[in-house]
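This report refers to the structure that appears directly beneath it.
A note on names: the letters A, B, ... follow the listed sequences, proteins ahead of strands, and every chain is numbered from 1. The figures that follow rest on heavy atoms only: side chains count, while hydrogens, waters and symmetry mates do not.
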Number of protein chains: 2
Amino acid sequence: MPRQGLGKESILQAAIALIEEKGIAQFSMGELAKRLNVKPASLYNHVDSLHDLLEQIGLAAISRLTEAENQAIQGKQKDEALFSLAEAYRFFAREHAQLYRLILGLSKLDSQVLEKGAGDIVQPILHVLSTYGLREHQQYHWQRVLRGVMVGFAVHEHAGGFSRFPVDENESYRVAIQCIAEGLHRAGKEAE
Amino acid sequence: MPRQGLGKESILQAAIALIEEKGIAQFSMGELAKRLNVKPASLYNHVDSLHDLLEQIGLAAISRLTEAENQAIQGKQKDEALFSLAEAYRFFAREHAQLYRLILGLSKLDSQVLEKGAGDIVQPILHVLSTYGLREHQQYHWQRVLRGVMVGFAVHEHAGGFSRFPVDENESYRVAIQCIAEGLHRAGKEAE
DNA sequence: GCGAAAAACTAATAGTATTAGTTTTGTATT
DNA sequence: AATACAAAACTAATACTATTAGTTTTTCGC
């Protein structure tokens with residue numbers, strides 16, 4: 001086995017750290033190379049392209065997000081699980097704003113690799129919804145509703161577009177999730 | 001008055017047309033200059049920077065969006081207005097995908113100019129909610145809830161992340177808005 | 001027709017990702 | 001321990017970005 005260099009994994013870790021520190025806007029192959037004490041061109045021995053690298057980082061970020069979600073709902077059911085999931089999602093989007101941005105931006109980079117990520121994201125949501133006893137197609141609809149609300153709030157908080165009114169954002173989020181909870185109860189009853 | 005050239009307005013219009021045709025990813029000062037039969041540097045006689053230009057385009061896009069919304073809710077009340085507004089929002093996000101992308105991305109470009117845009121966006125939403133007879137702070141909360149859902153769905157449809165389940169996306173959206181409608185009725189009764 | 005003001009230009013800088021071709025270097029084998 | 005190989009890292013180049021400074025061209029008002 002010939003010489004052992006950077007390695008895909010160490011590059012990925014360095015890239016994630018760099019993005020979380022300096023922000024996605026400052027990220028570049030040059031900056032990454034600088035941090036790894038290497039010339040930019042050398043990175044191409046381990047990575048196909050920036051596009052490819054961002055995709056991998058995005059997948060890693062999705063993995064962290066879904067892990068947090070799964071942990072949040074462990075052993076919980078219905079409303080308790082629902083609020084816990086929603087809280088975990090929002091917390092991640094806030095605490096890892098740069099990684100979350102990257103996840104959002106990921107969509108435009110096509111790729112089949114993301115198919116896996118998309119599946120992972122949906123899983124904890126479906127798990128929570130499964131405790132409400134909905135019919136299958138209802139479960140799919142409500143999965144979109146819940147995901148829509150969580151994404152919508154996250155996007156807006158990133159944009160700072162929620163700060164213009166004198167009411168607490170946490171409370172707004174609670175209202176939203178409570179609204180969904182009641183919708184889920186109704187749908188659950190109809191399915192009986 | 002000396003020689004009359006491109007002018008801010010014609011540049012803006014050309015930029016919007018170019019973005020809608022070729023997509024925001026292909027947009028650059030060079031491409032814009034090419035379309036205007038001018039060298040890139042010449043654009044700087046009329047525009048401060050790409051950043052500045054994108055901001056102006058974003059404001060124009062917001063203006064078109066809110067115009068569509070206001071038209072959609074004209075003469076309507078409560079649920080009828082609510083569904084009509086939601087439909088108009090989604091329609092715009094779909095039909096002007098590139099411009100909508102730009103609006104979403106606008107947030108990261110700070111600027112005070114956007115304050116106006118943010119106000120415009122909120123206005124039709126508040127107008128619809130005002131027909132439900134909520135208390136003021138409730139109205140602010142529900143404004144965020146509704147906006148969150150609309151943004152969330154739009155973002156997801158852009159990402160193509162909704163297509164993985166065999167249920168109609170239009171119906172999912174209807175479920176979401178209906179959920180909010182019922183929440184609004186409850187909140188309206190509590191306020192009586 | 002003339003002067004001035006602004007538009008459009010040329011040329012340059014600094015940044016981006018990326019590729020081809022060369023050199024270095026670590027490791028595994030003899 | 002010396003060597004050969006393979007991959008890592010390098011240098012140098014290309015082709016894009018946005019942007020600025022300085023120069024030339026144009027055209028409007030007089």
Which residues share a ring-ring contact (aromatic ring centres under 6.0 Å, His included) with B:F92, sequence neighbours left out: B:H96

Under 4.0 angstrom between B:S42 side-chain N/O and C:dC9 OP1 or OP2: yes

Protein-nucleotide distance (B:L53, atom CG; D:dT19, atom C1'), rounded to Å: 14 Å

Residue pairs passing the ring-ring contact (aromatic ring centres under 6.0 Å, His included) test where at least one lies in residues 170-192 of chain B, sequence neighbours excluded: B:Y132-B:H185, B:F153-B:Y173

Side chain to side chain donor-acceptor pair (under 3.5 Å) against A:Q77, all qualifying residues, sequence neighbours excluded: none

Sorted by number, the residues of residues 8-23 of chain B with heavy-atom contact under 4.0 Å to DNA chain D: none

Residues that B:Y100 engages under ring-ring contact (aromatic ring centres under 6.0 Å, His included), provided they are two or more places apart: B:Y89, B:H158

B/S/- contact track for nucleotides 13-18 of chain C, protein heavy atom under 4.0 Å: ---SSB

Phosphate-side-chain proximity, B:H46 and C:dA6, N/O vs OP1/OP2 below 4.0 Å: no

A:R147-B:H156 side chain donor-acceptor pair, cut-off 3.5 Å: yes

All pairs passing salt bridge (Lys or Arg N to Asp or Glu O under 4.0 Å) where residues 86-96 of chain A contributes a residue, at least two apart: A:R90-A:E157, A:R94-A:E157

d(NZ, B:K39; P, D:dT17) in whole Å: 14 Å

Any N/O donor-acceptor pair, A:N45 side-chain to D:dA7 base, under 3.5 Å: no

Sequence-distant partners of A:Q13, side chain to side chain donor-acceptor pair (under 3.5 Å), two or more places apart: A:E9

Where at least one partner belongs to residues 26-36 of chain A, residue pairs that pass side chain to side chain donor-acceptor pair (under 3.5 Å), sequence neighbours excluded: A:E21-A:R35, A:E31-A:K34

